[in-house]
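So that the names make sense, note that chain A is the first sequence line, chain B the second, and so on, each numbered from 1.
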2 protein chains.
Amino acid sequence: MGATKTEHFTNRQNQIAILAKALGHPARVAIIEYLMGVDTCICGDIVNVLPLAQPTVSQHLKELKNAGLIKGNVEGNAICYCIDETALEILQGYFAIVSTSLEKKKNNCC
Amino acid sequence: MGATKTEHFTNRQNQIAILAKALGHPARVAIIEYLMGVDTCICGDIVNVLPLAQPTVSQHLKELKNAGLIKGNVEGNAICYCIDETALEILQGYFAIVSTSLEKKKNNCC
DNA sequence: TTTTTATATTGCAATATTACGATAAACTTT
DNA sequence: AAAGTTTATCGTAATATTGCAATATAAAAA
């Protein structure tokens, strides 16, 4: 065994887990933060920014793309990677709901 | 190889990654949501709520505790697990900042 | 004290992740 | 066309995760 039993959980739970898992590595958090920091999205220099080899960075980018956190367009010789705002809005919305839900039951807990 | 190079990233990036990774499994998302739903935190029935064997649930709870997302107190025969609001506020704050940061540069991207 | 009940730990197998060298693919430039 | 540049994929090794049966631990109940 060792395979996640996704079928037993709700779509929302699986979706949040996929997005969270994609951000579950500091390199991928760093990539998202870097993409947020640059103005344009013609950003073919992500490899130089990270302390990892080029294949490793490429793999992390692939995982972020698979999870839906970034979009990638071929732009001549360089690849244009951009943040997919939708995914981050989903996470933002989720944790906003969680936070307000927790505020309502302040001090009900140990 | 195969070990995450945490030392090359900022404390903040590592912290977000740890929290996100802990939520990177639907069972753990489900646990957090369940703990949010109950009023008191004398909740010794998490095992029955999840479609997983008892040792598996115990392991997921351990990971959530290690990441700082939940707190656990021994409460007689049952363990009292509670959400650690601090951790979820960190996530909420992080994604709020990310979201507002993205709004400022609307349509600058592909 | 013995039994019951509830959670934790151990041990193991299957699978996934992480990282990078080597290589391939694709577009630019000369 | 040939050389250079950039990103993707392949192959592989080390490590981590996932899941559960078996077992251990600990407190409550009998």
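The ring-ring contact (aromatic ring centres under 6.0 Å, His included) check on Tyr94(B) picks up nothing, with sequence neighbours excluded. Legend: residues meeting side chain to side chain donor-acceptor pair (under 3.5 Å) with Thr100(A), ordered by chain and number and at least two apart, are absent. Residues satisfying the side chain to side chain donor-acceptor pair (under 3.5 Å) test with Thr10(B), not counting sequence neighbours, are Gln13(B). Listed by chain and residue number, nothing satisfies the salt bridge (Lys or Arg N to Asp or Glu O under 4.0 Å) test with Glu33(A) (two or more places apart in sequence, or in another chain).
Each of Lys21(A) and Val47(A) was assigned the nucleotide of DNA chain D with the nearest heavy atom; the assignment lying further toward the 5' end belongs to Val47(A).
The shortest heavy-atom contact between Arg28(B) and His60(B) is NH1-ND1, 3.0 Å. Contact detail for Tyr81(B) and Gly72(B): the closest heavy-atom pair is CD2-CA, 3.7 Å. The heavy-atom pair separating Leu69(A) from Leu19(A) by the smallest distance is CD1-O, 3.8 Å. Pairing each heavy atom of Glu89(B) with each of Ser99(A), the nearest pair is CG-OG, 4.1 Å.
Between His25(A) atom NE2 and dT17(D) atom C1' the separation is 14 Å, expressed in whole Å. Regarding His8(A), its NE2 atom lies at a distance of 14 Å from the C1' atom of dT18(D), rounded to whole Å. To the nearest angstrom, P of dT5(D) lies 16 Å from CG of Asp45(A). Arg28(A) places its CZ atom 15 Å from the P atom of dA16(C), with the value rounded to the nearest Å.
For the contact set between residues 11-18 of chain B and DNA chain C, defined by any heavy atom under 4.0 Å, there are no members. Heavy-atom distances under 4.0 Å link DNA chain C to Leu52(A), Ala53(A), Pro55(A), Thr56(A), Gln59(A), His60(A), Glu63(A) of residues 48-68 of chain A, given in residue order.
The phosphate of dT6(D) has neither OP1 nor OP2 within less than 4.0 Å of any side-chain N or O from Tyr81(A).
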